[in-house]
Protein chains: 2
Amino acid sequence: MIMVKASIITIGDELLIGQTIDTNSAWIAVRLNAIGIEVLRRVAVGDEKTAIITALDEEAAKADLIIMTGGLGPTSDDITKPLLCAYFDGKLVLHQDTVEHIKNLFSKMNRPVTERNLRQAELPDTCSPLFNRLGTAPGMWFEKNGKIFIALPGVPQEMAAIMEDAALPKLDALFKATPVLHCTTITAGEGESFIADKLVDFEALLPQHIKLAYLPDASFVKLRLSATGREKNALQHDLQIFQERLVAVLGKILVALDDIPVEKILAESLKEKNKTVGTAESCTGGLIGHLITQVAGASNYYLGSVVSYSNEVKENVLGVNAATIAKHGVVSEAVAVEMVKGALTVLKTDFAVATTGLVGTEDAEGVKHGTVWIAAGTNERTVAQSFYFRYNREKNKELAARNAILMLWKLVTGRV
Amino acid sequence: MIMVKASIITIGDELLIGQTIDTNSAWIAVRLNAIGIEVLRRVAVGDEKTAIITALDEEAAKADLIIMTGGLGPTSDDITKPLLCAYFDGKLVLHQDTVEHIKNLFSKMNRPVTERNLRQAELPDTCSPLFNRLGTAPGMWFEKNGKIFIALPGVPQEMAAIMEDAALPKLDALFKATPVLHCTTITAGEGESFIADKLVDFEALLPQHIKLAYLPDASFVKLRLSATGREKNALQHDLQIFQERLVAVLGKILVALDDIPVEKILAESLKEKNKTVGTAESCTGGLIGHLITQVAGASNYYLGSVVSYSNEVKENVLGVNAATIAKHGVVSEAVAVEMVKGALTVLKTDFAVATTGLVGTEDAEGVKHGTVWIAAGTNERTVAQSFYFRYNREKNKELAARNAILMLWKLVTGRV
């Protein structure tokens with residue numbers, strides 16, 4: 001078995017002052033794991049020469065493969081390319097294929113090509129260029145002292161295109177490494193301490209080559225089994241056996257056997273049952289619809305939503321009674337239930353879910369902030385539950401939306 | 001002037017296999033910058049003893065302050081606490097205030113306290129505990145060889161609560177450092193190469209202590225000026241002067257003088273003009289409403305949305321003509337314009353914006369994937385524009401939603 005170790009270096013001041021959240025590293029890690037390359041470390045440094053060189057030296061001492069992202073753009077703050085040219089003892093030469101590609105890209109956009117754009121085609125002669133179908137800056141593949149170095153632009157889509165088209169196939173062919181396999185089981189309804197107590201015996205019987213990790217994530221706890229050290233089919237077999245044992249212990253808190261978001265879990269049940277859903281959103285503001293439509297093919301079961309942020313829209317579009325709002329308040333079980341009925345009528349779906357609450361950080365009209373009522377129903381029956389979320393607006397909205405989708409899923413699958 | 005350098009170490013296998021995106025580092029960086037502490041590096045390592053100790057040693061050699069997050073949970077994969085106990089020559093002792101706090105937290109949730117929960121109150125006697133009002137694991141403050149080390153739980157809300165309540169005030173009082181100041185200007189409508197060509201003279205005249213960075217971000221290019229090396233008021237003054245020069249060169253591509261999302265830019269114009277908006281979303285699925293309602297106080301101007309994912313909802317709820325869909329196709333200027341009219345009528349708002357398009361990665365009914373029509377209007381006039389987005393579903397939806405909000409803002413402020 002070959003274990004290849006990688007380090008990811010992300011370059012850019014924006015990563016160190018918190019202006020940009022690094023999503024590239026996670027994406028790269030998943031793709032590397034899939035071809036058997038393990039990520040040891042991720043390091044972020046600024047657009048500063050010494051910092052970049054120190055990182056290159058230190059990571060090359062620890063890993064077989066170093067992947068860098070960022071600093072390859074056409075502006076003066078992007079210093080990585082000249083630096084790499086010097087680090088790998090090269091000189092900048094014009095790469096003719098890239099010149100043609102840049103001219104092509106700009107002619108498609110009906111924009112003139114500037115000198116600055118064409119400078120993107122200048123590459124160190126010690127690198128193999130990696131084609132970038134989405135942008136002007138190619139990736140670069142270097143080799144030095146038996147280590148592989150790959151430099152990629154920081155724009156996530158361009159980075160991903162170069163990895164998929166050029167870098168990953170080349171790495172796979174070179175290393176032929178053995179994958180580390182992961183298998184995630186999703187639970188809802190209990191905290192990680194409670195689950196850990198239930199799993200004491202399960203954990204005690206885990207073999208050396210399988211690790212269990214707990215990942216609390218919004219209203220869910222994900223349990224990840226990771227297997228290393230043996231042949232791929234055997235690992236897959238082992239993971240399956242231990243996941244089956246896990247499922248037997250978890251009982252009714254089990255939600256899914258795969259690391260997929262709750263909207264995909266819902267999608268599978270709806271497709272299987274050939275049913276449609278609609279949403280009526282107040283405090284979630286459209287987030288439930290947004291999440292549901294992140295899944296390709298959602299148009300087969302998701303018909304739409306009435307986002308009734310104001311009371312007028314609740315009354316005029318969804319038909320919620322003004323008297324119900326006056327009597328129970330707008331954040332109430334009664335209003336959530338009438339919103340579900342309104343959505344079923346207006347959108348003509350088999351199922352609907354509704355949210356009404358205060359997701360911000362201030363109390364209003366006698367309602368404690370963080371309080372959210374969620375109801376889900378069909379024309380025959382409706383269920384409702386209140387929640388109290390204790391975080392900021394953004395997190396509370398996310399929790400409300402994910403719990404709404406979870407409740408809808410439970411209703412669709414007969415769990416409530 | 002005192003320059004304090006920090007390193008952030010994030011701990012957890014989930015960060016290295018790409019299961020979790022690290023948002024903690026960016027949050028910490030912004031807060032540290034605000035009290036004059038500069039982040040030099042960010043390092044992510046797995047739940048592995050040697051890797052954590054190597055990272056601690058290496059970062060302590062480079063920085064004055066080392067902030068660690070993760071690995072403090074109650075389950076067996078969280079190895080950081082015993083490791084820190086050994087690294088800082090301590091032994092675990094029960095911290096009575098934390099015991100009381102844990103009992104309190106669980107009694108509020110009506111759940112029994114387990115042995116495992118109480119173990120969170122065991123802390124190394126060489127640390128000062130940092131209070132965690134949102135969770136059971138306190139933060140820990142250590143000092144060794146003149147360097148400060150802070151260990152925090154990985155759950156973002158708990159990490160943030162400990163930083164705000166305890167760690168940041170203590171750091172501020174200790175270091176009294178000089179802030180690095182940033183000032184961001186947002187543009188839309190031109191690429192970074194084009195802008196860089198316009199700014200050649202501006203960049204040539206920048207003084208040594210001010211840096212300019214280009215950050216392309218969806219349909220925007222952000223220009224960040226960063227000032228270091230002098231007294232705070234003087235820096236603020238310098239940044240203001242250079243931002244004014246920048247604005248003079250940018251002309252009509254200027255969108256905002258602050259690093260705020262487009263939904264906040266829209267919010268400010270609507271509040272100023274005391275107008276209301278509504279949305280009619282097809283391909284964005286609710287994302288525009290979600291973004292608009294991320295802003296506290298959105299209920300003052302945002303009344304709601306009709307998410308018409310199916311043609312039936314477009315016709316039945318928004319009153320789009322079936323004949324228009326048959327003649328022009330559902331992804332068309334004509335349908336986008338009728339959706340705007342429908343939203344204005346149904347939601348009774350001053351302004352409305354609508355989207356219809358194919359955000360997925362497959363063509364359908366003669367429409368090229370990535371094509372999106374966006375229209376915005378009032379009862380008097382409507383504007384519309386077609387876009388072609390070339391990324392995946394998630395990114396195309398985001399670009400469509402942000403461009404829709406940008407078009408709405410241009411209409412509200414009389415720019416179109």
Side-chain angles (χ1 to χ4, degrees), chain A residues 13-14 16-18 21-23 26-27 29-30 33 39 41-45 73-77 114 116-117 134 155 157 182 192-193 196-197 203 213-216 285-290 293-294 296 299 302-310 312-313 317 346-347 360 390-391 393-395, chain B residues 13-14 16-18 21-23 26-27 29-30 33 39 41-45 73-77 114 116-117 134 155 157 182 192-193 196-197 203 212-216 285-290 293-294 296 299 302-310 312-313 317 346-347 360 391 393-395:
Chain A
D13 288 342
E14 65 275 17
L16 297 182
I17 64 166
I21 298 211
D22 170 27
T23 55
W27 189 94
V30 171
N33 283 183
V39 178
R41 285 161 55 94
R42 291 169 22 192
V43 180
V45 295
T75 56
S76 59
D77 56 316
T114 65
R116 195 186 287 274
N117 297 134
L134 292 180
V155 178
Q157 292 74 30
H182 306 286
E192 66 171 325
S193 290
D197 282 342
E203 288 198 53
Y214 294 78
L215 306 168
L287 179 55
I288 304 176
H290 167 54
T293 60
Q294 291 290 73
S299 57
Y302 184 64
L303 304 194
S305 183
V306 175
V307 179
S308 53
Y309 215 59
S310 71
E312 290 68 32
V313 174
V317 185
V346 172
L347 303 169
R390 59 192 161 147
Y391 303 115
R393 163 181 287 266
E394 195 175 344
K395 189 72 190 170
Chain B
D13 289 342
E14 64 276 15
L16 296 183
I17 65 165
I21 305 241
D22 170 27
T23 55
W27 189 95
V30 170
N33 282 184
V39 178
R41 286 162 53 97
R42 292 167 22 191
V43 180
V45 296
T75 56
S76 58
D77 57 318
T114 65
R116 195 186 289 271
N117 298 132
L134 292 179
V155 178
Q157 292 73 28
H182 307 286
E192 67 171 324
S193 289
D197 282 342
E203 288 198 52
L212 172 69
Y214 294 78
L215 306 168
L287 179 55
I288 303 176
H290 166 54
T293 60
Q294 291 289 75
S299 57
Y302 184 64
L303 303 194
S305 183
V306 175
V307 179
S308 53
Y309 215 60
S310 71
E312 290 69 32
V313 174
V317 185
V346 172
L347 303 169
Y391 302 114
R393 163 181 287 266
E394 195 174 343
K395 189 71 190 171

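Below, each value reflects all heavy atoms present in this structure, side chains not excepted, and no hydrogens, waters or symmetry copies. A, B, ... follow the sequence lines: proteins, then strands. Residue 1 opens every chain.
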Gln157(B) atom CD, neighbour heavy-atom count above 12 within 6.0 Å: yes

Heavy-atom check, side chain of Val307(B) versus side chain of Val307(A), under 4.5 Å: yes

Proximal component of Val317(B), with respect to chain A [non-hydrogen, under 4.5 Å]: side chain

Which portion of Asn33(B) sits near chain A, non-hydrogen atoms under 4.5 angstrom: side chain

Straight-line distance of Glu14(B) CD to His182(A) NE2, nearest 0.5 Å: 11.0 Å

Top contributor to chain B contacts, counting heavy-atom pairs under 4.5 Å, from Ile17(A), Val43(A), Ile21(A): Ile17(A)

Minimum-distance pair of heavy atoms, taken over all atoms of Tyr309(B) and Tyr302(A): CD2-O, 3.5 Å

Residue part contacting chain A, namely of Ser308(B), when any heavy atom lies under 4.5 Å: backbone

Best-contacting candidate, Val39(A), Val30(A), Val313(A), Leu287(A), against chain B by heavy atom pairs under 4.5 angstrom: Leu287(A)

Region of Val45(B) in contact with chain A, defined by heavy-atom distances below 4.5 Å: both

Value rounded to 0.5 Å, distance of NE2 in His290(B) from CD1 in Ile288(A): 11.0 Å

Arg393(A) versus Gln294(B), closest heavy-atom pair with distance: CD-O, 3.0 Å

Shortest non-hydrogen contact between Pro216(A) and Tyr214(A), atoms and distance: CD-O, 3.6 Å

Options Gly18(A), Ala296(A), Ala44(A), ranked by heavy-atom pairs under 4.5 Å with chain B, top entry: Ala44(A)

Residue Leu134(B) versus chain A: region with a heavy atom under 4.5 Å: both

Interface residue of largest heavy-atom contact number with chain B, from Ala26(A), Ser305(A), Gly360(A), under 4.5 Å: Ser305(A)

Most contacts with chain B, counted as non-hydrogen pairs under 4.5 angstrom, among Asp197(A), Leu347(A), Thr293(A): Thr293(A)

